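Everything numeric in this text was worked out from a predicted model, so none of it was measured.
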Amino acid sequence: MRISTVIVSIAFATALQTSQAAIFPEAQVGIKIPLTQKPSTRPMTVAYIASLKRYYIADGGLAPMGSDTEAPVSKSEVHAYDDAGKYINSAKPGYDNRSIYYNPNSKKLETITYNISSFGGFSPNTGIYSIDLTETGEVKETSSDVFGFNPAFGDANTMPSYNSEKNIYYAKQGRSNKVLVIDLKAREPIGEINLDLAKAGVAFDDVSDYFVAYTGIKGEELELLDIDHKAVLIFDLSGQYIGKSELPKDLKLRSHNHLNGAGYANDMLFVYHDSEGEFGTYYGFKVQKAN
């Protein structure tokens with residue numbers, strides 16, 4: 001009995017160490033993408049398409065008021081870079097982008113717009129859209145509808161993350177620890193995750209306001225940028241705090257990082273560093289060992 005207890009204890013401790021060892025104590029820089037084009041509005045999120053070896057950075061900003069001579073179309077652009085961080089091209093599909101991601105189910109580059117929930121009042125060009133690309137991965141100015149507005153997303157500013165295996169979204173709500181779980185077939189959230197910020201030693205105004213990354217790593221599925229303490233916090237899908245990875249202390253994160261300038265692509269958390277380079281630089285940090 002005593003030997004069995006010892007064996008079980010050792011096995012548990014080993015499993016715990018293995019789980020914790022998957023998180024890098026210090027985040028590793030996987031790629032740097034210096035922006036060579038001035039952002040058309042605010043730099044938002046990042047996507048990656050492995051088959052094309054292309055990164056995509058989406059800007060986000062409200063459309064101008066419509067008039068007799070101009071349609072209410074957002075001037076925000078989407079920018080393509082290669083897997084070495086070299087600029088390819090930019091295009092204006094016409095959306096106020098909040099999240100951009102590659103959907104392996106539809107095999108499309110997709111964007112979620114500002115106010116997909118219609119929380120701020122209904123407006124045109126809101127919802128989820130697929131953005132057209134050339135065969136070699138350049139961004140085009142054409143797009144297609146995927147889904148209209150859905151109140152389940154909650155906050156108008158949320159930057160949802162996509163779980164392609166379950167075809168659901170995680171939408172962090174502003175000034176809170178709340179993450180809504182959304183299935184597009186439902187008009188209300190199918191679940192709610194309350195991140196244990198107290199266990200992580202942070203308050204809601206220390207961290208990214210509208211973005212939490214979905215990693216796909218079992219037991220370490222959610223990554224949250226801690227702006228004020230320069231770290232990445234890791235949680236599981238129950239909201240339990242798992243651990244953290246420190247960011248470089250000389251990385252200058254500013255107030256806008258609470259609202260935009262984050263993303264998750266190619267197994268890296270992306271952070272916008274606006275004081276590096278002429279137009280800022282996106283850092284891709286490796287925080288965990290991928291599955």
Side-chain angles (χ1 to χ4, degrees), residues 27 39 41-47 57-62 74 76 95-101 111-121 126 150-163 169-182 189 191-215 221-235 237 239 241 244-245 247 251-265 268-275 280 282-285 287:
T41 44
R42 295 189 302 175
M44 299 299 293
T45 49
V46 181
I57 297 174
D59 296 339
L62 290 173
S74 174
S76 296
Y95 301 111
D96 180 359
N97 307 287
R98 282 303 179 266
S99 291
I100 190 170
Y101 58 96
T111 182
I112 300 176
T113 72
Y114 167 77
N115 201 28
I116 184 176
S117 63
S118 73
F119 182 82
T126 56
N150 187 330
F153 283 91
D155 199 303
N157 290 289
T158 189
M159 300 160 63
S161 295
Y162 180 58
N163 178 342
Y169 297 83
Y170 303 100
K172 187 178 183 300
Q173 304 300 288
R175 300 185 64 79
S176 78
N177 67 333
K178 184 188 300 184
V179 178
L180 300 180
V181 184
I182 297 102
E192 182 178 309
I193 302 169
N194 293 296
L195 304 176
D196 192 347
L197 299 184
K199 184 71 176 294
V202 298
F204 71 84
D205 52 359
D206 293 328
V207 301
S208 180
D209 216 11
Y210 303 115
F211 178 75
V212 66
Y214 174 72
T215 68
E221 290 90 350
L222 302 177
E223 288 184 359
L224 180 65
L225 177 62
D226 179 358
I227 293 102
D228 288 10
H229 302 101
K230 294 182 182 178
V232 181
L233 310 176
I234 294 91
F235 301 84
L237 287 177
Y241 172 66
K244 70 177 179 179
S245 184
L247 294 174
L251 188 68
K252 292 182 173 64
L253 301 181
R254 307 186 188 280
S255 60
H256 67 71
N257 289 108
H258 288 271
L259 308 176
N260 56 283
Y264 191 87
M268 291 182 285
L269 184 78
F270 280 81
V271 179
Y272 180 57
H273 186 197
D274 71 348
S275 58
Y282 264 96
Y283 276 74
F285 287 104
V287 176

*Y214 and Y101: side-chain donor and acceptor closer than 3.5 Å?*
no
_With S76, the side chain to side chain donor-acceptor pair (under 3.5 Å) member among T113, D59, D96, T41_ = T41
_Pairing donors with acceptors under 3.5 angstrom, does anything connect the side chains of Y272 and N260?_
no
*What closest approach, in Å, do T45 and S99 show between heavy atoms, and which atom pair accounts for it?*
OG1-CA, 3.2 Å
*For atom NZ of K178, is the number of surrounding heavy atoms from other residues, nucleotides or ligands below 6.0 Å larger than 12?*
no
*Between D155 and G174, which heavy-atom pair has the shortest distance, and what is it?*
OD2-N, 3.5 Å
*Begin from the C-alpha positions of L224 and L197 and carry the test side-chain contact (heavy atoms from CB on, under 4.5 Å) through to its verdict.*
CA-CA 10 Å; L224 180 65; L197 299 184; 3.8 Å; yes
*Apply salt bridge (Lys or Arg N to Asp or Glu O under 4.0 Å) to R254 and list each qualifying residue two or more places apart in sequence or on a separate chain.*
D274
*Can you check side-chain contact (heavy atoms from CB on, under 4.5 Å) on L180 and F153, steps first, answer last?*
CA-CA 7 Å; L180 300 180; F153 283 91; over 6 Å; no
_Donor + acceptor pair across side chains of N97, T111 (<3.5 Å)_ = yes
*asked:* Test side-chain contact (heavy atoms from CB on, under 4.5 Å) on T158 and Q173; report intermediate values, then the result.
replied: CA-CA 6 Å; T158 189; Q173 304 300 288; 4.2 Å; yes
_For L247 versus L253, what's the shortest heavy-atom pair and its separation?_
CD1-CD1, 4.4 Å
*Can you name the nearest heavy-atom pair linking S176 to F204, along with the distance?*
N-CB, 3.9 Å
*With a 4.5 Å heavy-atom cut-off, do H273 and K252 have their side chains touching?*
yes
*side chain to side chain donor-acceptor pair (under 3.5 Å) between Y241 and D196: does it pass, once the steps are laid out?*
CA-CA 6 Å; Y241 172 66; D196 192 347; over 6 Å; no
*Sidechain-backbone polar pair: D206 side chain, D228 backbone, donor-acceptor under 3.5 Å*: no
_If I compare all heavy atoms of I100 with all of A47, which pair ends up nearest, and what's the gap?_
O-CB, 3.6 Å
